There are 2 protein chains.
Amino acid sequence: MNHTVGARQAQKQQSRRALLDAGLRLLADQNFASLGVREVTRAAGLSPAAFYRHFPDLAALGVALVEESLASLHVMIRSVLAGEGGAEELIDRAVDVIEQHVREHQPHVRFLARERHGGVRRVREAIDAELGRFAEEVGAALGLQPVSEGWSEDDLRMLAELYVDHMVSTAAAFLEAQETDPAREAHIAATARLQLRLISLGRRHWQGS
Amino acid sequence: MNHTVGARQAQKQQSRRALLDAGLRLLADQNFASLGVREVTRAAGLSPAAFYRHFPDLAALGVALVEESLASLHVMIRSVLAGEGGAEELIDRAVDVIEQHVREHQPHVRFLARERHGGVRRVREAIDAELGRFAEEVGAALGLQPVSEGWSEDDLRMLAELYVDHMVSTAAAFLEAQETDPAREAHIAATARLQLRLISLGRRHWQGS
DNA sequence: AAGTTCGGCAAACACTTGTTTACTGAATGA
DNA sequence: TCATTCAGTAAACAAGTGTTTGCCGAACTT
């Protein structure tokens, strides 16, 4: 939608990108609340004042990062639910996709994990709202599966939230493993698969609430 | 063990407590990494230099808080597993106890939720290690239940981790609800109960991995 | 070609920060 | 009673902070 070009806009976008990237890079080993304007601009190669040409606040930069991070999440969920196959195939694919996603978007995922319960309210709420919409999307997709015949709206939502929470926990575990003990990754994946199988077993025997 | 008295020691312990309390209070709306020595001592009514009579580091204070927080968690788990009753009663009691625990130890729980993936490695690792031991305790308790006949060690551990992760997610949800929309608490409790019922259903039909 | 817009800069504002220093004075022990 | 211990203090250190100011000069518009 925003294919305004012109050397002016282009360079502005470039600086904005530099700020976002610098922020994300710094967030590798500190949390958002302890980030500083000067720190970010220094890492981006800009002057402190330049920051305010792009964001009114540091929190605004945080919200922008949330949007970026979750856009990639929505892409991910679709690639899981899109394919064919039974429960087993779906579980395997889901865990694979999560693992790969964490590897490829490590900074974004870490940002989400860290700030989900972090100290900056606006960022926290943005994440929670988006994870809610995420659960809704999962719930709708679950409703289309044959296994869900006879399930109420509420029960579907409950199940979707269970899946989303499990996904978040798994992603966080992958993250921690990748930066401290990569050998654990396979074990985490195996555990996650078993847990999903157990949940899907409970789902098949569910009689409604 | 430490019933050393003497007016001297007593007052020192009192100051230490003041520092811990002040820290915990400040952590209500910021994360640990952005905490400052001056900030804590100011809130505790001491001079900045006094801090170093008690802790070498701010991280040391953080680790002390982790220990406090998790002691109360272990007490909690025992009070859940101690009682009698079938799966349904156990689920109801578990959710009740979590809800009550979050209410009574809000600052500690928030601290754990926030710093579990927070920016200070030493604190993060202390929490993760303790949650691991926690899962172990749950796994052992699960193994004693009749439903677990024929379950392997690994499968029990997998199930225990699922329960612990679920407990953490639920606690975090209660926390968020309590400070933004207390009316949601009942709904969260109901959802958590349903999810636990679904898991326990899967558990009854589990054939082993 | 002349005029306007505006992203970026250096400098200055009034703070806050962690940590060390030399000190005070009450509790302790001989 | 007198000497020692030691939790707590005020003051100073150099270095960091967010935000505003006036200005420059390249990119745009007319």
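All figures in this text were calculated on a predicted structure; none of them were measured in a lab. In what follows, every chain begins at residue 1, and chains take the letters A, B, ... in the order their sequences are listed.
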Colleague: Below 4.0 angstrom, N of the basic side chain to O of the carboxylate: do B:Arg133 and B:Glu136 qualify?
Modeller: no
Colleague: Mind checking side-chain hydrogen bond (donor to acceptor under 3.5 Å, both in side chains) for B:Trp151 and listing every partner two or more places apart, or none if nothing turns up?
Modeller: none
Colleague: Nearest-Å distance, CG (A:Asp57) to P (D:dT20)?
Modeller: 11 Å
Colleague: Between C1' on D:dA27 and CD on A:Gln9, what's the gap in Å once rounded to a whole number?
Modeller: 11 Å
Colleague: Nearest whole angstrom, please: distance from the P of D:dT21 to the CZ of A:Phe51.
Modeller: 18 Å
Colleague: Specify the separation, in whole Å, of atom CZ of A:Arg42 and atom C1' of D:dA15.
Modeller: 11 Å
Colleague: Send over the distance from A:Leu61 CG to D:dG18 P, rounded to a whole Å.
Modeller: 13 Å
Colleague: Going by the rule ring pair (Phe, Tyr, Trp, His ring centres under 6.0 Å), which residues pair with B:His105 if we only count those two or more places apart in sequence or in a different chain?
Modeller: B:His101
Colleague: Using the test side-chain hydrogen bond (donor to acceptor under 3.5 Å, both in side chains), find all partners of A:Glu185 that sit at least two apart in sequence or belong to another chain.
Modeller: A:Arg103
Colleague: Just list the side-chain donor-acceptor pairs under 3.5 Å for residues 188-202 of chain B, sequence neighbours left out, or say none.
Modeller:
from	atom 1	to	atom 2	distance (Å)
B:Thr191	OG1	B:His187	O	3.0
B:Gln195	OE1	B:His166	NE2	2.8
B:Gln195	NE2	A:Met158	O	3.0

Colleague: Would you please name every residue forming a ring pair (Phe, Tyr, Trp, His ring centres under 6.0 Å) with B:Phe51, sequence neighbours left out?
Modeller: B:Phe55
Colleague: Does B:Arg157 have any side-chain hydrogen bond (donor to acceptor under 3.5 Å, both in side chains) partners at least two apart in sequence or in another chain, and if so, which?
Modeller: B:Glu161
Colleague: Using atom OH of B:Tyr52 as one end and atom P of C:dT20 as the other, report the distance to the nearest whole Å.
Modeller: 7 Å
Colleague: Please produce a list of atom pairs where a protein N or O lies less than 3.5 Å from an N or O of nucleotides 7-10 of chain C.
Modeller:
from	atom 1	to	atom 2	distance (Å)
C:dG7	OP1	A:Lys12	NZ	3.4
C:dG8	OP1	A:Ser15	OG	2.1
C:dG8	OP2	A:His54	NE2	2.6
C:dG8	N7	A:Arg53	NE	2.8
C:dG8	N7	A:Arg53	NH2	3.1
C:dG8	O6	A:Arg53	NH2	2.2
C:dC9	OP2	A:Ser47	N	2.6
C:dC9	OP2	A:Ser47	OG	3.3

Colleague: Between C1' on C:dT19 and CZ on B:Phe55, what's the gap in Å once rounded to a whole number?
Modeller: 17 Å
Colleague: Which of residues 32-39 of chain B sit near DNA chain C, with a heavy atom under 4.0 Å from it?
Modeller: B:Gly36, B:Val37, B:Arg38
Colleague: According to the salt bridge (Lys or Arg N to Asp or Glu O under 4.0 Å) rule, which pairs have a member within residues 117-128 of chain B, sequence neighbours left out?
Modeller: A:Glu176-B:Arg124, B:Asp57-B:Arg122, B:Arg116-B:Asp128, B:Arg121-B:Glu125
Colleague: For the CG atom of B:Leu46 and the CZ atom of B:Arg16, what is their distance to the nearest 0.5 Å?
Modeller: 13.5 Å
Colleague: Can you list the stems that DNA chain C is part of, where a stem is at least 3 pairs in a row, each Watson-Crick or G-U, with both distances below 3.5 Å?
Modeller: C:1-12 with D:19-30, C:14-17 with D:14-17, C:19-30 with D:1-12
Colleague: Quick one: side-chain hydrogen bond (donor to acceptor under 3.5 Å, both in side chains) pairs with a partner in residues 63-75 of chain B, sequence neighbours left out?
Modeller: B:Arg17-B:Glu68, B:Glu68-B:His108, B:His74-B:Glu137
Colleague: Report the residues that fulfil side-chain hydrogen bond (donor to acceptor under 3.5 Å, both in side chains) with B:Gln11, sequence neighbours left out, ordered by chain and then residue number.
Modeller: none
